[in-house]
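What follows is a short report on a single structure.
Letters A, B, ... are given to chains in the order of the sequence lines, protein chains preceding strands, and every chain is numbered from 1.
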2 protein chains.
Amino acid sequence: MHEQSERFIERMGLQFESDGLPRTAGRIMGLLLIREDPLPLDAISRELGVSKGSCSMNCRLLESGGWAERVSFRGDRRDFYRVAPDLSLRSLDAAQGRVKAFLGILDDALETLPPDLDVGRRRIREVGDFHRFLLGELRGVRARWAAMEDRVSHSHDSLNTEMEAQ
Amino acid sequence: MHEQSERFIERMGLQFESDGLPRTAGRIMGLLLIREDPLPLDAISRELGVSKGSCSMNCRLLESGGWAERVSFRGDRRDFYRVAPDLSLRSLDAAQGRVKAFLGILDDALETLPPDLDVGRRRIREVGDFHRFLLGELRGVRARWAAMEDRVSHSHDSLNTEMEAQ
DNA sequence: TCTGGCGTTCAATACAGATTGAACGTTCCG
DNA sequence: CGGAACGTTCAATCTGTATTGAACGCCAGA
């Protein structure tokens, strides 16, 4: 493997780690981004020098988080993984989910915290106002990106949709 | 301390942890949000049952990350901490910073990766396009929130600006 | 019904990161 | 000059989490 590829893969690992995700998951994403075809589990394991078990765990994590997709090819019993085709929209959805979760904490606090903590409650309400604003903005961002992607995919077809995976 | 307060503080800790930050830092943020006045380090340590050293570390982390502010009062040698007054804008700036960092990785990869990885390079370019779009959107979000905050702070003064901290 | 290849699971292990508690430097006051 | 009250630092320790490697179940084909 090229030194440049390893560098990119390693940086993806660190990027994921700084977001609180396993470094190996980030490395796998880096590998999947670079490689042209979907990769089977054992190839990922071999190329990254990571045990099969860890690859299995991290690939399933990537799949459940919407980062990667599991695909199969007829005549081959193995599981292949590739980058999720709608990765960008997925990450926007995930961001919305995180904001919603935080809003849940704040709203619950406003309901349950005693009234004598009036300053604290007002502060929490302000933080909530911002995150409600943020949630609306995220919806707008999502819609705009979806519209742009739509327009582009009419002129030249997207990368993943032309692959024959079953 | 009320059970409801502890619940909120603990949830803030978990929220921070899911973002890859120390749980104690989140707990401190929860405490600072609830309490009316800025808190000295030893009060934080006592109320959270966390050692002074850990509080010192985490408070400085919060300060350097723009979450909290260190303030002092004349006649008192202690350091006090409170929630940063421009917390929302700060978090938007931090988000922009993270996107920029990731864009740096992607652009570097495009420069250094060999040309024969054309599919991978194209995929990386697509991810980069999305994040450049995201960066522009974030600027818009920031501007709109700043405008809203401005309009509001004209009618009734903000919380922190009326405190006499030196 | 076997055999081999595949993904998953799980207990043991390794490791990174947070916490502790004591030691230290500083500053302020008696 | 002490001495007390701070915040900081740092090595030792603890703890949660990721990784490993072997065992397992499953399925397809011989």
Side-chain angles (χ1 to χ4, degrees), chain A residues 9-32 37-65 67-82 165-166, chain B residues 9-10 12-32 38-65 67-82 165-166:
Chain A
I9 288 173
E10 208 51 39
R11 288 231 232 168
M12 285 291 295
L14 292 176
Q15 181 71 19
F16 263 60
E17 197 174 42
S18 77
D19 282 14
L21 292 146
R23 186 186 298 194
T24 300
R27 283 198 274 239
I28 292 174
M29 273 303 289
L31 183 64
L32 294 182
D37 297 322
L39 293 179
L41 212 54
D42 57 340
I44 297 173
S45 170
R46 178 167 22 87
E47 303 224 37
L48 291 179
V50 174
S51 76
K52 206 175 39 159
S54 180
C55 281
S56 172
M57 211 204 66
N58 282 290
C59 281
R60 293 171 69 75
L61 177 73
L62 289 174
E63 192 192 8
S64 71
W67 297 89
E69 255 187 7
R70 183 171 10 178
V71 296
S72 59
F73 296 98
R74 67 185 210 145
D76 201 325
R77 245 175 349 109
R78 290 177 295 174
D79 289 346
F80 292 76
Y81 288 90
R82 67 173 177 199
Q166 80 172 15
Chain B
I9 288 173
E10 206 52 38
M12 285 292 296
L14 293 176
Q15 180 71 19
F16 262 60
E17 196 174 44
S18 78
D19 282 14
L21 292 146
R23 186 186 297 193
T24 299
R27 282 197 275 240
I28 293 175
M29 274 302 289
L31 184 64
L32 294 181
L39 293 178
L41 212 56
D42 57 340
I44 296 173
S45 169
R46 179 167 21 87
E47 302 224 36
L48 258 40
V50 174
S51 76
K52 205 175 39 159
S54 180
C55 282
S56 173
M57 210 205 66
N58 281 289
C59 281
R60 293 171 70 74
L61 177 73
L62 289 173
E63 193 192 7
S64 71
W67 298 90
E69 255 186 8
R70 182 172 9 178
V71 296
S72 58
F73 296 98
R74 69 183 208 147
D76 200 325
R77 242 173 353 107
R78 290 177 296 175
D79 289 346
F80 291 76
Y81 287 90
R82 68 174 177 198
Q166 78 171 15

Which of dT8(D), dT8(C), dT20(C) is nearest the side chain of Arg60(B)? It is dT8(D)
To the nearest angstrom, the CZ-P distance between Arg70(A) and dC6(C) comes to 15 Å
Considering only heavy side-chain atoms of Arg77(B), the closest of dG4(C), dG17(C), dC28(C) is dC28(C)
Taken to the nearest whole Å, CZ/Arg46(A) to P/dC6(C) is 11 Å
Heavy-atom nearest nucleotide on DNA chain D taken for Gly53(A) and for Asp76(B); more 5' hit belongs to Asp76(B)
Give the C-alpha distance, both sets of side-chain angles, the deciding distance and a yes or no for side-chain contact (heavy atoms from CB on, under 4.5 Å) between Arg82(A) and Val71(A). CA-CA 7 Å; Arg82(A) 67 173 177 199; Val71(A) 296; 3.8 Å; yes
Atom CG of Asp42(B) and atom C1' of dA5(D) are separated, to the nearest Å, by 10 Å
| said: Once you measure the plane-to-plane angle for Phe73(B) and Phe80(B), does it fall in the parallel (<30°), tilted (30-60°) or perpendicular (>60°) bin? | reply: perpendicular
On a heavy-atom basis, the closest approach of Leu32(B) and Ala68(B) is CD1-CB, 4.0 Å
Do Arg60(B) and Tyr81(B) come within less than 4.5 Å of each other through their side chains, counting heavy atoms only? yes
Please assess Glu47(B) against Leu31(B) for the test side-chain contact (heavy atoms from CB on, under 4.5 Å), listing each intermediate value before the final yes or no.
CA-CA 9 Å; Glu47(B) 302 224 36; Leu31(B) 184 64; 4.2 Å; yes
Taken to the nearest whole Å, CE/Met57(A) to P/dC10(C) is 13 Å
Among the nucleotides dG7(C), dT20(C), dT8(D), whichever has the atom closest to the side chain of Val50(B) is dT20(C)
Think Ser54(A) has a side-chain N or O under 4.0 angstrom from the OP1 or OP2 of dA18(D)? no
Side-chain contact check for Ser51(A): nearest option of dG21(D), dT20(C), dG7(C) is dG21(D)
Here the distance between atom C1' of dA18(C) and atom CZ of Phe16(B), to the nearest Å, is 16 Å
To the nearest angstrom, the CZ-C1' distance between Arg78(B) and dT8(D) comes to 17 Å
When rounded to whole Å, the NZ to P distance for the pair Lys52(A) and dT8(C) reads 10 Å
Atom CG of Leu61(A) and atom C1' of dT8(C) are separated, to the nearest Å, by 15 Å
